[in-house]
Amino acid sequence: MSGPKAYYITTPIYYVNDVPHIGHAYTTTACDVMARFKRLDGFDVMFLTGTDEHGQKVEKSAAAAGLDPQAFTDRVSENFREMTRQMNVSNDQFIRTTEPRHLKASQAIWDAMVAAGDIYVGKYEGWYAVRDEAYYGEDELTVTPTGKRIAPSGAECEWVEEPSYFFRLSAFADRLLAHYDGNPDFILPAGKRSEVTAFVRSGLRDLSMSRTTFDWGIKVPDDPKHVMYVWVDALTNYITAVGYPDTDAEAYRRYWPADLHMVGKDIIRFHTVYWPAFLMSAGLPLPKRVFAHGWWTIEGQKMSKSLGNAVKPAELIETYGLDQTRYFFLREVPFGNDGDFSRKAMVQRINGELANDYGNLVQRVLSMVAKNCAAAVPAPGPLAPADEAMLGAARALLARVRADMDVQAFHKALDAIWLVIGDANRYVDEQAPWTLRKTDPPRMATVLWTLAETIRHVAVLTQPFMPDASAKILDQLAVPADRRTFTALTPADALVGGTPLPAPQGVFPRLVVEGEGAH
RNA sequence: GGCGACGUAGCUCAGCGGUAGAGCAGGGGAAUCAUAAUCCCUUGGUCGGGGGUUCAAAUCCCUCCGUCGCUACCA
């Protein structure tokens, strides 16, 4: 008994010290679209997101807030849960690295790496700025005439040594390179794979894996003075969530290795070098893919704390609408590239593509049906070549979109869908059902049915991107709730003439822009 | 410095050996079912500069200019 194929997708766990912004919402939304797509395509999906709650910064922030770290993280972790709700994200689990199960998993993978002989005791040394509580590289420092080392922040540094456990990362370079080579889609997009490969090829140094300078973290087994390097802890969340260290657990056997770790481009090394090396050491299978997406600029400017221009997801939803925002995220930029978020681009996408192309297509068709077909699905007569062509385009869409989604080419998937929407608008004009109404009503019914059936295909396929709006459209076509998966995209599930339809309602309102006004 | 990517119409980009493409923006027209939405036509580029290979180069090679990324332990 194999059942449906499993698909396990993860967001990074977000560092609770941050306030959720457009970047977090973007990553999570992309995963959500992927997860929804796979579910509709018949996969048994496990979709994980969560928060990373350990580390020195959190410890400090908690102290500054007058809370103990656990109480502090309990509070701020909620910000990210709230974001997933706001973005209508369908995650199956929300993991927190302060959960007991995660302590257990982290210590277990540590023990496994120790057992493999890949962890040893050494000392971590470097130029340390007490004021910043951070180490700096030699090349980052400026030396004063008196020989003092000054960090970029202006803090004075001193040479510090602390005992530390190390991971024998240097021993894994060849195996990592072999893995990249044998699995060309392990790191996407391809440009990122080249960077990582170049980095690994240049030689790997062993990795300091523990700290003794703060407490807020997972203790090293049998040596509680040491707290694990936060990335050991953080990365392990992906297997904690499926039951590790119980590798016989149902979820572990079903979902691990993960199909896709989605990450921002800033954390690609942790996911494509360290994490695979940890897993190799522990004797666990590697995830199938790590996809590194790009960053958003805001109105052409980098997001930064000093500029205070971070965009909050809630504001986007409030201003533009939830599905509109989700659509924009995945349509505006080739997935993997950096992109710019601007009000102008947002309005252009919403009005041009959602309101005018898609929304208006649905509206013009459904209102003709409502007025001229007794508020029921029209009954088609014999299909003309133009009708067959229209339906052929709609039915060919799934295969096209699936191929694009398989490589996270969200923008291409949407592009393909919009080509059919364009075909449909063209078909309306060519067939001119408003003329057929007077000259050939049965033919009008066939045309309107063809259009409704085309829209059914489109709406089923836009569900992962815009769940609510797509549902409204499918509601207006009276498509039963259990006939909305991709298995229904066949002639056997085509709209049936005579099915009563509700009154049509607009789905994507136009945004009225200042200065545009009504003419 | 090293490695790499990119530079194509006003904007965003596709094309990656066979005499330049899309979307949006701009201009003209058609239609009137529809959220004044739609459809058709159209203006616009010596494909960063120079050199080379080839019957033929945005497309391959060299070089120059410009932009950007990576070049490890804050997460």
Side-chain angles (χ1 to χ4, degrees), chain A residues 12-18 52-58 60 124 126 132-137 139 164 166-167 169 189-211 229-234 264-270 273-274 294-295 331-334 337-340 342 344-345 348-349 351-372 411-412 415 418-419 421-422 424-437 444 447-448 451 504-512 516 518-519:
Chain A
I13 47 173
Y14 300 114
Y15 201 54
V16 284
N17 225 30
D18 297 332
D52 179 13
E53 309 191 358
H54 290 129
Q56 191 168 24
K57 281 189 185 174
V58 171
K60 286 176 70 175
Y124 187 63
D132 301 342
E133 296 186 49
Y135 284 92
Y136 290 97
D139 53 355
S164 172
F166 278 82
F167 176 72
L169 184 64
K192 292 287 180 289
R193 182 181 68 232
S194 305
E195 284 182 10
V196 172
T197 303
F199 170 76
V200 173
R201 197 172 285 135
S202 74
L204 295 174
R205 297 206 291 268
D206 288 350
L207 194 61
S208 170
M209 292 279 270
S210 70
R211 292 294 136 85
Y229 175 47
V230 286
W231 276 103
V232 182
D233 164 4
K265 62 180 184 178
D266 54 329
I267 54 174
I268 189 165
R269 175 176 311 145
F270 302 102
V273 181
Y274 302 170
W295 288 133
R331 169 69 260 206
E332 176 68 4
V333 177
N337 290 8
D338 290 345
D340 183 53
S342 72
K344 189 181 165 201
Q348 198 162 290
R349 292 283 179 195
N351 284 347
E353 294 170 11
L354 294 180
N356 297 354
D357 293 342
Y358 191 12
N360 185 57
L361 170 69
V362 173
Q363 184 75 2
R364 68 198 299 209
V365 169
L366 290 180
S367 78
M368 275 187 279
V369 168
K371 288 174 191 163
N372 303 307
H411 60 295
K412 287 189 183 173
D415 198 49
W418 255 254
L419 282 175
I421 290 171
N425 272 318
R426 219 163 290 126
Y427 172 85
V428 178
D429 279 27
E430 285 163 3
Q431 299 302 318
W434 50 90
T435 303
L436 295 171
R437 179 172 60 120
M444 175 199 73
V447 167
L448 291 179
L451 283 162
Q505 294 177 340
V507 176
F508 297 111
R510 265 184 84 80
L511 289 176
V512 178
E516 191 175 83
H519 301 299

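Just so it is clear: chains get the letters A, B, ... in the order the sequence lines come, proteins before strands, and each one is counted from 1. Because only heavy atoms are used, hydrogens play no part in the values below, and waters and symmetry mates are left out as well, while side chains stay in.
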Tell me the closest heavy-atom pair linking [X] and [Y], and the distance in Å.
X	Y	result
A/Ala424	A/Leu361	CB-CD2, 3.7 Å
A/Ile267	A/Pro12	CD1-CB, 3.8 Å
A/Arg331	A/Asp415	NH1-OD1, 3.3 Å
A/Asp338	A/Trp295	OD1-N, 2.8 Å
A/Lys57	A/Asn17	CB-ND2, 3.6 Å
A/Val447	A/Gln431	CG1-CB, 3.7 Å

Counting any heavy atom closer than 4.0 Å, what does [X] reach on the DNA or RNA strands: base, sugar-phosphate only, or nothing?
X	value
A/Tyr15	sugar-phosphate
A/Lys371	sugar-phosphate
A/Leu366	nothing
A/Val507	base
A/Asp18	nothing
A/Gly55	nothing
A/Asp233	nothing
A/Gly203	base

Taking only side-chain N and O atoms of [X], does any of them lie within less than 4.0 angstrom of OP1 or OP2 on [N]?
X	N	answer
A/Arg201	B/U71	no
A/Arg426	B/C40	yes
A/Asn356	B/U38	yes
A/Arg510	B/A37	yes

Any strand: nucleotide that pairs with [N] via Watson-Crick or wobble, under 3.5 Å:
N	result
B/C60	B/G52
B/G23	B/C11
B/C3	B/G69

*In chain order, what residues pass the ring-ring contact (aromatic ring centres under 6.0 Å, His included) check against A/Phe508, with sequence neighbours excluded?*
A/Tyr358

Distance, [atom1] atom - from [M] to [N], rounded to whole angstrom:
N	M	atom1	value
B/U43	B/C62	C1'	38 Å
B/C16	B/A58	C1'	7 Å
B/G18	B/A31	C1'	41 Å
B/A57	B/C70	P	37 Å
B/C6	B/U19	C1'	26 Å
B/G15	B/A9	C1'	14 Å
B/A25	B/A37	P	10 Å
B/U71	B/C55	P	45 Å

So does [Y] get a backbone contact from the side chain of [X], meaning a donor-acceptor N/O pair under 3.5 Å?
X	Y	answer
A/Ser210	A/Ser164	no
A/Trp418	A/Glu353	yes
A/Asp52	A/Tyr14	no
A/Asn356	A/Asn351	yes
A/Asn372	A/Met368	yes

Selected nucleotide, minimal atom distance to [X] side chain, candidates [options]:
X	options	value
A/Trp434	B/C73, B/A31, B/U35	B/A31
A/Ser208	B/A75, B/C73, B/U32	B/C73
A/Val230	B/A75, B/U35, B/A72	B/A75
A/Asn360	B/A75, B/C33, B/A37	B/A37
A/Ala355	B/C33, B/A75, B/U35	B/U35
A/Lys57	B/C39, B/C73, B/C74	B/C74
A/Gln363	B/A72, B/A34, B/A75	B/A34
A/Tyr274	B/A75, B/U38, B/A72	B/A72

*Glycosidic conformation of B/A37, syn or anti, with 90° from 0 as the boundary?*
anti

*Does the side chain to side chain contact (heavy atoms under 4.5 Å, CB included) test come out yes or no for A/Val58 and A/Tyr15, once each step is laid out?*
CA-CA 9 Å; A/Val58 171; A/Tyr15 201 54; 3.5 Å; yes

To the nearest Å, give me how far apart [atom1] ([X]) and [atom2] ([N]) are.
X	N	atom1	atom2	value
A/Leu419	B/A22	CG	C1'	10 Å
A/Trp418	B/U38	CH2	C1'	16 Å
A/Gln431	B/C39	CD	P	15 Å
A/Arg364	B/A37	CZ	P	13 Å
A/Gln505	B/A34	CD	P	17 Å
A/Phe270	B/A72	CZ	P	12 Å
A/Leu436	B/C33	CG	C1'	11 Å
A/Ile421	B/C39	CD1	C1'	16 Å

*May I ask you to decide whether A/Asp429 forms a salt bridge with A/Arg364, counting only side-chain N to carboxylate O separations under 4.0 Å?*
yes

Check nucleotides 3-9 of chain B against the protein and report each pair of N or O atoms closer than 3.5 Å, with its distance, or say if there are none.
none

Grab the N/O contacts between the protein and nucleotides 24-27 of chain B below 3.5 Å, and write none if there aren't any.
{"residue": "B/C24", "atom": "O2'", "partner": "A/Gln348", "partner atom": "OE1", "Å": "3.2"}
{"residue": "B/C24", "atom": "O2'", "partner": "A/Gln348", "partner atom": "NE2", "Å": "2.5"}

*5′-ward residue of the pair A/Glu332/A/Asn425 relative to RNA chain B*: A/Glu332

*If you pin A/Asp338 and A/Pro509 to their nearest nucleotides in RNA chain B, which one's is more 5'?*
A/Asp338

